[in-house]
Amino acid sequence: MGSRADDEGTDVTIYLKALTGTVHADTPTGAPEQLLALLDRLGFERQTLATAGPDYIWHEAPGHLDEAAKKQLATHAVPWLHKAGYMVHITDDVWDSAAYTEAVMAIRNQSVPAPPPTVAAVRITDRQPSTRRR
């Protein structure tokens with residue numbers, strides 16, 4: 001078991017996991033906590049699978065979001081990750097040009113990374129508990 005970021009040699013690989021509708025943000029095995037925390041702040045949910053070897057950590061767009069909001073979240077993260085010095089690969093099936101432009105404008109107007117406004121506006125009570133495991 002590995003991550004797409006390990007396979008592709010990136011700091012973060014963002015993609016739509018086949019047959020699930022889940023947007024993943026994979027980081028390399030042993031990624032620094034600073035990177036993982038940045039993905040948390042950007043609105044992704046951290047997932048962990050403990051094994052006899054290394055623990056596998058990845059992030060997912062929250063399951064309660066619709067497809068458009070998941071794409072917005074994924075693309076919004078890219079300029080923030082670039083600003084922090086990380087190499088990112090995002091697949092075309094989750095790319096949203098308008099969300100990228102909005103994120104670049106947000107970077108100019110604020111210094112603290114945050115999820116896109118439409119994602120951050122979803123109330124906690126609207127979320128469904130996650131029962132999925134990898």
Between the CG atom in Leu16 and the CG atom in Asp93, the distance rounded to the nearest 0.5 Å is 5.0 Å
Taken in chain and number order and not counting sequence neighbours, the residues that satisfy side-chain contact (heavy atoms from CB on, under 4.5 Å) with Thr101 are none
- Report, as yes or no, whether the 6.0 Å neighbourhood of atom CG on Asp92 holds more than 12 heavy atoms from other residues, nucleotides or ligands. no
Residue set satisfying side-chain contact (heavy atoms from CB on, under 4.5 Å) with Ala77, at least two apart, ordered chain then number -> Leu42, Phe44, Leu81
Taken in chain and number order and not counting sequence neighbours, the residues that satisfy ring pair (Phe, Tyr, Trp, His ring centres under 6.0 Å) with Tyr86 are none
By salt bridge (charged side-chain N to carboxylate O under 4.0 Å, His left out), Arg46 pairs with (sequence neighbours left out) Glu33, Asp40
One should read off an interatomic distance between Glu45 CD and Leu65 CG, to the nearest 0.5 angstrom, of 8.0 Å
On a heavy-atom basis, the closest approach of Pro79 and Thr75 is CD-O, 3.4 Å
Could you go step by step and tell me if Met105 and Glu102 meet the side chain to side chain contact (heavy atoms under 4.5 Å, CB included) rule? CA-CA 5 Å; Met105 295 304 293; Glu102 290 171 10; 5.7 Å; no
**OP:** Indicate yes or no: at least one non-hydrogen side-chain atom of Lys71 is less than 4.5 angstrom from one of Val23.
**Re:** no
Pro28 meets the side-chain contact (heavy atoms from CB on, under 4.5 Å) criterion, sequence neighbours left out, with Ala5, Asp6, Ala31
>> With clusters defined by side-chain heavy atoms of hydrophobic residues (ILVMFWY) lying less than 4.5 Å apart, directly or transitively, does Ile90 cluster with Met87?
In response: no
To the nearest 0.5 Å, atom CD of Glu60 lies from atom CG of Leu73 at 11.5 Å
Inset, instruction - In sequence, state the C-alpha distance, the side-chain angles, and the governing distance for His24 and Thr13, and then conclude on side chain to side chain contact (heavy atoms under 4.5 Å, CB included). - result: CA-CA 8 Å; His24 272 239; Thr13 298; over 6 Å; no
On a heavy-atom basis, the closest approach of Thr91 and Tyr15 is OG1-CA, 3.5 Å
His89 meets the side chain to side chain donor-acceptor pair (under 3.5 Å) criterion, sequence neighbours left out, with Glu8
Closest heavy-atom pair, Pro62 versus Lys70, reported as atoms and distance to 0.1 Å, is O-CE, 3.6 Å
Rounding to 0.5 Å, atoms CG (Asp11) and CG (Leu38) come to a distance of 11.0 Å
- [ ] Tell me, with the steps shown, if Leu49 and Trp58 meet side chain to side chain contact (heavy atoms under 4.5 Å, CB included).
- [x] CA-CA 9 Å; Leu49 176 65; Trp58 70 97; 3.9 Å; yes
